[in-house]
Peer 1: 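Before anything else, here's the structure in question.
Residue numbers count from 1 along this sequence. Just so it is clear, the values below take in all heavy atoms, side chains as well, and ignore hydrogens, waters and symmetry mates.
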Amino acid sequence: MSEFTGENTGHAAPATRPLVELLRVALPTVATMLSYTVMTFADKWLVSRMGAEYVGAQGNGGLAAWVPTALAYGTLQVVNTYVSQNLGAGKGERGAAYAWNGMWMGLAWAVVLVPYALLMQHIFRLAGVGPHQAALATSYGRVLVLGCAFNLMTRA
């Protein structure tokens, strides 16, 4: 209904509570990003019972996995922008094409991340990390990187 004439115009009424609308749109994204932080905290807490050496390896492996993962996530976030712009412009049918291209981009990142995971132990050794610590960090980092390869296609 039109705010001024009382007639139905077919357009949505302006939001009466912009903060509520903002939270409704943003909370799924916040929850997604928060879940990674909670997972990392839970991993650290569980590993801390094994000893400081394992906590250090988890930190190294997690950092080695997060840097390329963050780059990939940032690249794929562009897809969400294009889909949102098209939906906002009333051209929702174009969104599917961007989503498919985003999934292909995610697959392309997976092609980069899988060899990175396989070379991770050598990267740690080149950085001067001891062999035992490098092996522990690699086993943790590889799980994160290889798991991320599947997650990238769904991120788009």
Peer 1: Is there a path of hydrophobic side-chain contacts, each under 4.5 Å between heavy atoms of I, L, V, M, F, W or Y residues, that connects Met120 with Leu71?
Peer 2: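 Linked within one cluster.
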Peer 1: Answer yes if Val145 and Met39 sit in the same cluster of Ile, Leu, Val, Met, Phe, Trp and Tyr residues linked by side chain heavy atoms under 4.5 Å apart, and no otherwise.
Peer 2: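 As far as the 4.5 Å side-chain criterion goes, Met39 and Val145 are connected within one cluster.
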Peer 1: State, to 0.1 Å, how close Leu113 and Pro68 come at their nearest heavy-atom pair, and which atoms those are.
Peer 2: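 Looking at all heavy atoms of both residues, the closest pair is CD2-CB, 3.5 Å.
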Peer 1: Are Cys148 and Tyr73 close enough, and set up right, to give a side chain to side chain contact (heavy atoms under 4.5 Å, CB included), and what steps lead you there?
Peer 2: CA-CA 10 Å; Cys148 167; Tyr73 283 168; 4.2 Å; yes
Peer 1: Apply the test side chain to side chain contact (heavy atoms under 4.5 Å, CB included) to residues Leu144 and Trp66: give CA-CA distance (whole Å), side-chain angles for both, the deciding distance (0.1 Å), then the verdict.
Peer 2: CA-CA 8 Å; Leu144 292 177; Trp66 176 246; over 6 Å; no
Peer 1: If I compare all heavy atoms of Ala117 with all of Leu146, which pair ends up nearest, and what's the gap?
Peer 2: CB-CD2, 3.9 Å
Peer 1: Should Leu87 and Tyr98 be regarded as members of a common hydrophobic cluster, given that ILVMFWY residues are connected when their side-chain heavy atoms come within less than 4.5 Å of each other, either directly or indirectly?
Peer 2: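 Yes, Leu87 and Tyr98 fall within the same hydrophobic cluster.
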Peer 1: Give a yes or no on whether the backbone of Pro131 and the side-chain of Arg125 come within a donor-acceptor separation of less than 3.5 Å.
Peer 2: no
Peer 1: Between the side chain of Tyr116 and the main-chain N/O of Ala64, is any donor-acceptor distance below 3.5 Å?
Peer 2: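 Yes; judged by distance alone, with no hydrogens or angles, the pair exists.
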Peer 1: Mind listing the closest non-hydrogen atom pair of Ala110 and Pro115 along with its distance?
Peer 2: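 That would be O-CD, 4.4 Å.
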Peer 1: Under the side chain to side chain donor-acceptor pair (under 3.5 Å) rule, what do Asn60 and Tyr140 come out as? Steps first, then yes or no, please.
Peer 2: CA-CA 9 Å; Asn60 288 337; Tyr140 183 75; over 6 Å; no
Peer 1: What about Val67 and Trp109, same hydrophobic cluster or not, with Ile/Leu/Val/Met/Phe/Trp/Tyr joined at side-chain heavy-atom distances under 4.5 Å?
Peer 2: no
Peer 1: Tell me whether Leu136 is reachable from Phe124 by hopping between hydrophobic residues (I, L, V, M, F, W, Y) whose side-chain heavy atoms are closer than 4.5 Å.
Peer 2: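 Shared cluster, no.
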Peer 1: Quick one: do Glu93 and Lys91 satisfy side chain to side chain contact (heavy atoms under 4.5 Å, CB included)? Show the steps, please.
Peer 2: CA-CA 5 Å; Glu93 69 280 357; Lys91 301 174 184 175; 4.0 Å; yes
Peer 1: Looking just at side-chain N and O atoms, do Tyr82 and Asn101 make a donor-acceptor pair shorter than 3.5 Å?
Peer 2: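 Side chains of Tyr82 and Asn101: no pair found under 3.5 Å.
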Peer 1: In Å and rounded to the nearest 0.5 Å, what is the CG to CD distance from Leu46 to Gln58?
Peer 2: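 Taking CG in Leu46 and CD in Gln58, the distance rounds to 9.0 Å.
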Peer 1: Determine whether a donor-acceptor pair (N or O, by modelled atom type, separation under 3.5 Å) exists between the side chain of Arg94 and the backbone of Asn86.
Peer 2: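 A pair under 3.5 Å: no.
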Peer 1: Enter the distance from Tyr54:OH to Gln133:CD here, rounded to the nearest 0.5 Å.
Peer 2: 9.5 Å
